[in-house]
Amino acid sequence: MRRLTCTTSLIPAFAAILLMLASACTTRYIEDTKIEDSDESRDVIRTVEMYRKAMEARDADMLIALASKNYFEKNGDSNSSNNYDHKGLIEFLRSPEFRRVTQVRMKIIYKSVEFSEDRNVVTVLYHYTTDFKLPPPKYSDETGQFATVSDNLDEEVWHSKADDNEMILELEGDRWYILKGM
């Protein structure tokens, strides 16, 4: 009987140890993502979220502040004429074309955060959905006057886009800056 009492008293202690070991091996994820929770991953996601909020605010200055001085966008095709660097990014963000967008709503679903071996470059894969408002398109009629291709001549038009994107960031000092994918 004594032996049974000793064994049964060890069961709760053994169960507690197993529970601690199991919870120590459980991977934690950043809320609403499948990204492993770590200080580095949180910093990267925080930077991408700053980008998302700057896009929604149409804040060119914040977008420029988030861009690495080494920024380079290749646009994923063989046409090198549409590639641009940090200077080209600034020109675009200050352009009338960028300022034409009057409202933006953007949602990001994070797929992965992959660090380089030396952990100073990271690739973020995500799916985004964005809605943006633009003035109606215009065309030149036979008199050379601009007219609007729309029944609502003075109303802005909502457009939507959804796609996967790859954003690459680099660590400069203690901050992440966007290197590609804005």
### Euclidean distance, Phe72 CZ relative to Asp85 CG, rounded to 0.5 Å
7.0 Å
### Task
Determine the minimum heavy-atom distance between Met167 and Gly181, stating which atoms define it.
CE-O, 3.6 Å
#### Entry: Minimum side-chain heavy-atom gap Ile178-Leu63 below 4.5 Å
no
### Query
Is the backbone N or O of Val104 less than 3.5 Å from a side-chain atom of Arg58, with the two atoms forming a donor-acceptor pair by type?
no
### Closest non-hydrogen atom pair, Met55 against Met106
CB-SD, 4.2 Å
### Summary
Tightest non-hydrogen contact, residues His127 and Lys111, listed as CB-CE, 4.1 Å
#### Entry: Within one Ile-Leu-Val-Met-Phe-Trp-Tyr cluster: Phe115 and Ile168, side-chain cutoff 4.5 Å
no
## Note on the structure
For Arg100 and Pro135 the tightest heavy-atom approach is O-CD, 3.3 Å
### Message
Under the rule for side-chain hydrogen bond (donor to acceptor under 3.5 Å, both in side chains), what residues qualify as partners of Gln103, not counting sequence neighbours?
### Response
none
### Message
Between the side chains of Arg94 and Asp61, is the shortest nitrogen-to-carboxylate-oxygen separation below 4.0 Å, so that they form an ion pair?
### Response
yes
### Query
If Ile, Leu, Val, Met, Phe, Trp and Tyr residues are connected whenever their side-chain heavy atoms lie under 4.5 Å apart, and connections chain through other members, are Val121 and Val44 in the same group?
no
### Query
What distance separates Tyr126 OH from Ile35 CD1, expressed to the nearest 0.5 Å?
12.5 Å
### Task
Indicate yes or no: at least one non-hydrogen side-chain atom of Asp164 is less than 4.5 angstrom from one of Leu125.
no
### Query
Given the rule that I, L, V, M, F, W and Y join up when any side-chain heavy atoms are under 4.5 Å apart, are Tyr177 and Leu179 in one cluster?
no
### Query
Is Asp39 salt-bridged to Arg42, cutoff N-O under 4.0 Å?
no
### Query
Is there side-chain contact between Leu66 and Arg175, with heavy atoms separated by less than 4.5 Å?
yes
### Query
Hey, is Glu49 close enough to Arg52 for a salt bridge, meaning N to O under 4.0 Å?
yes
### Query
Between Tyr51 and Met182, what is the shortest heavy-atom contact and its length?
CE1-CG, 3.3 Å
### Query
If Ile, Leu, Val, Met, Phe, Trp and Tyr residues are connected whenever their side-chain heavy atoms lie under 4.5 Å apart, and connections chain through other members, are Tyr128 and Met50 in the same group?
yes
### Query
Okay, side chain of Glu114, backbone of Val124: is any donor-acceptor separation there less than 3.5 Å?
no
### Donor + acceptor pair across side chains of Glu36, Ser41 (<3.5 Å)
no
### Message
Side chains of Leu134 and His159, heavy atoms from C-beta outward: is any pair under 4.5 Å?
### Response
yes
### Task
May I have all residue pairs that pass ring-ring contact (aromatic ring centres under 6.0 Å, His included) and include part of residues 84-113, sequence neighbours excluded?
Phe92-Phe98
### Query
What heavy-atom pair brings Glu40 and Trp176 nearest, and what distance separates the two atoms?
O-NE1, 4.3 Å
### Task
Measure from the side-chain N and O atoms of Thr130 to the backbone N and O of Arg105, and report whether any donor-acceptor pair falls under 3.5 Å.
yes
### Query
For Met62, does the CE atom sit with more than 12 other heavy atoms under 6.0 Å from it, leaving out its own atoms?
no
### Query
Roughly how far, to the nearest 0.5 Å, is OG1 of Thr123 from CG of Leu169?
8.5 Å
